[in-house]
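Not measured: the values here are computed from a predicted model. Proteins get letters first, then strands, A, B, ... in listed order; numbering begins at 1 in each. Keep in mind that the numbers below use all heavy atoms, side chains included, and drop hydrogens, waters and symmetry copies.
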There are 2 protein chains.
Amino acid sequence: MAVNDQPNAGVGSGGVRQRSRASIERRILEAAESVFAEAGFNGATTAEIARRAAIPKANLHYYFNTKEELYQQVLTGIVSTWLHTADEITADADPARALAHYITAKIELAREQPIPSRVFANEIIHGAPHLGSYLGTELRAWVDAKAKVIRGWIAAGKMREIDPKHLLFMIWASTQTYADFASQISAVLGKEQLSPQDYKAVARQVTEIILRGCGLTPPAQ
Amino acid sequence: MAVNDQPNAGVGSGGVRQRSRASIERRILEAAESVFAEAGFNGATTAEIARRAAIPKANLHYYFNTKEELYQQVLTGIVSTWLHTADEITADADPARALAHYITAKIELAREQPIPSRVFANEIIHGAPHLGSYLGTELRAWVDAKAKVIRGWIAAGKMREIDPKHLLFMIWASTQTYADFASQISAVLGKEQLSPQDYKAVARQVTEIILRGCGLTPPAQ
DNA sequence: AAAAAACTTGATCATTCGGTCAGAAAAATC
DNA sequence: GATTTTTCTGACCGAATGATCAAGTTTTTT
């Protein structure tokens with residue numbers, strides 16, 4: 001029997017165990033997230049993850065058979081979080097408002113959840129060896145769909161003619177740099193970390209530059 | 001005696017050895033560069049570096065005592081390459097031309113030398129544990145100087161009022177994403193790799209968006 | 001309360017890794 | 001050509017790591 005089969009599956013009264021299992025798995029995943037972000041997949045050790053989760057290493061391997069499986073779950077969690085950040089980019093939306101909302105949301109995410117972002121960035125930098133076909137299938141389809149929306153905006157004369165996909169890459173880069181390269185930005189600015197006001201100013205400036213660059217007028221603050 | 005002391009230092013006729021040493025050290029550094037880029041510092045193994053350099057591992061440790069020393073040399077090489085890419089950003093330059101030149105040069109660099117860029121990016125993502133004080137001293141001074149130039153442009157009414165440092169961060173992010181996250185971009189675009197024309201188009205679009213975003217008129221192609 | 005299932009954990013193993021070492025080979029120096 | 005210096009290399013070592021296992025404890029089920 002596989003050690004990770006759902007215990008008490010379908011048992012209505014068996015809630016305590018399930019809650020406990022979910023709780024400890026979440027604790028392990030959070031610990032893993034931070035260790036993977038700091039050291040990458042290769043540098044991360046199950047011992048360190050177990051230490052941060054405050055459990056013996058053998059117990060960690062009871063919940064997650066291999067380090068690879070743990071890493072996969074972390075990546076999956078990040079990806080599923082990210083898929084719905086651009087929901088406002090739709091055919092009938094106002095381009096300026098939709099893009100401004102997207103950029104602001106991405107900067108917010110960089111501020112609130114920099115750690116998963118770094119795990120993902122690390123994975124991409126090393127050629128995405130653990131992501132399987134995700135980039136070329138799901139993410140590609142997502143980008144194709146959003147690009148189609150933006151091309152629709154352009155065709156309707158709502159914005160200047162630009163390449164939609166490279167615009168998306170530019171938005172990703174300009175926003176995620178505040179999560180992925182935070183150590184560089186902090187050091188260069190001489191600040192331990194950016195304040196909420198800093199992030200707000202960043203969101204405003206990035207939004208302004210990109211919208212004006214697309215021939216749009218940024219919405220009033 | 002330290003094993004890496006320069007042999008025949010100052011001996012005019014000892015050129016062959018020196019050339020040979022320089023040549024093999026370069027081969028090792030190139031091998032190390034690619035391994036560090038693919039696996040990060042922790043994931044890289046001296047055995048794999050030696051294999052790619054086509055020498056026994058013990059011989060690698062003859063030229064570079066520790067993996068750390070090898071990594072430091074790789075990082076140092078990258079940094080010194082990067083320091084002079086924005087030489088055109090000077091007080092009396094035309095902002096549009098200077099920024100356009102900088103962005104184009106950075107995209108070129110992303111195309112020609114993506115591997116060192118990835119080593120550096122990896123280092124930053126993990127909190128720059130091997131970079132010592134470089135970010136907070138030299139790079140910070142560099143950014144301060146360039147920011148001062150840009151602030152001068154703004155004061156002279158040559159461009160819209162923006163935060164110069166975050167503009168630089170945005171340029172770094174938008175250009176280096178084509179080196180650091182190349183695997184993601186290729187997969188999403190469904191191309192094995194971008195063509196020179198693709199890079200040219202990217203440089204043009206990034207330049208246009210950023211310059212217009214700064215209230216500047218992009219120079220004609 | 002007995003039996004079964006789920007969970008916990010210290011001890012342990014095989015493998016891998018960075019680095020060392022002694023001695024051989026090659027080159028330079030005299 | 002003898003001596004010294006530099007370069008090369010297989011064999012080896014201690015430490016760290018991912019994973020396992022057997023023997024427990026706790027919880028659930030009957």
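Residues that satisfy the side chain to side chain contact (heavy atoms under 4.5 Å, CB included) test with B:Q73, not counting sequence neighbours, are B:L29, B:F64. Listed by chain and number, the residues in a side chain to side chain contact (heavy atoms under 4.5 Å, CB included) with B:P114 are B:R118, B:A179 (sequence neighbours excluded). Residues passing the side chain to side chain contact (heavy atoms under 4.5 Å, CB included) test with B:S133 are B:T137, sequence neighbours excluded. Remark: A:A47 pairs with A:T45, A:K57 by the side chain to side chain contact (heavy atoms under 4.5 Å, CB included) rule, at least two apart or across chains.
One atom, CZ of B:F64, and another, P of D:dT7, lie 13 Å apart when rounded to the nearest Å. A:N59 places its CG atom 18 Å from the P atom of D:dA22, with the value rounded to the nearest Å. B:Y62 has its OH atom 12 Å from the P atom of D:dT9, to the nearest Å. The interatomic distance linking A:E69 (CD) with D:dA19 (C1') rounds to 13 Å, in whole Å. The CD-P distance, from A:E25 to C:dA6, rounds to 14 Å in whole Å. If you measure from atom CD of A:E48 to atom P of D:dA16, you get 14 Å, rounded to the nearest angstrom. To the nearest angstrom, P of C:dA6 lies 12 Å from OH of A:Y63.
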Could you run down the sub-3.5 Å N/O contacts of the protein with nucleotides 16-20 of chain C?
from   : atom 1 : to    : atom 2 : distance (Å)
C:dG18 : OP1    : B:A44 : O      : 2.8
C:dG18 : OP1    : B:K67 : NZ     : 3.1
C:dG18 : OP2    : B:T46 : N      : 2.9
C:dG18 : OP2    : B:T46 : OG1    : 3.1
C:dG18 : N7     : B:K57 : NZ     : 3.0
C:dG19 : OP2    : B:K67 : N      : 2.7
C:dG19 : N7     : B:K57 : NZ     : 3.3
C:dG19 : O6     : B:K57 : NZ     : 2.7

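Every pair passing side chain to side chain donor-acceptor pair (under 3.5 Å) that includes a residue from residues 182-192 of chain B is listed here, sequence neighbours excluded: B:K191-B:D198.
Within the model, atoms CD1 of B:I28 and CZ of B:R52 stand 14.5 Å from one another, a figure rounded to the nearest 0.5 Å.
At the phosphate of C:dC7, OP1 or OP2 sits under 4.0 Å from a side-chain N or O atom of A:R21.
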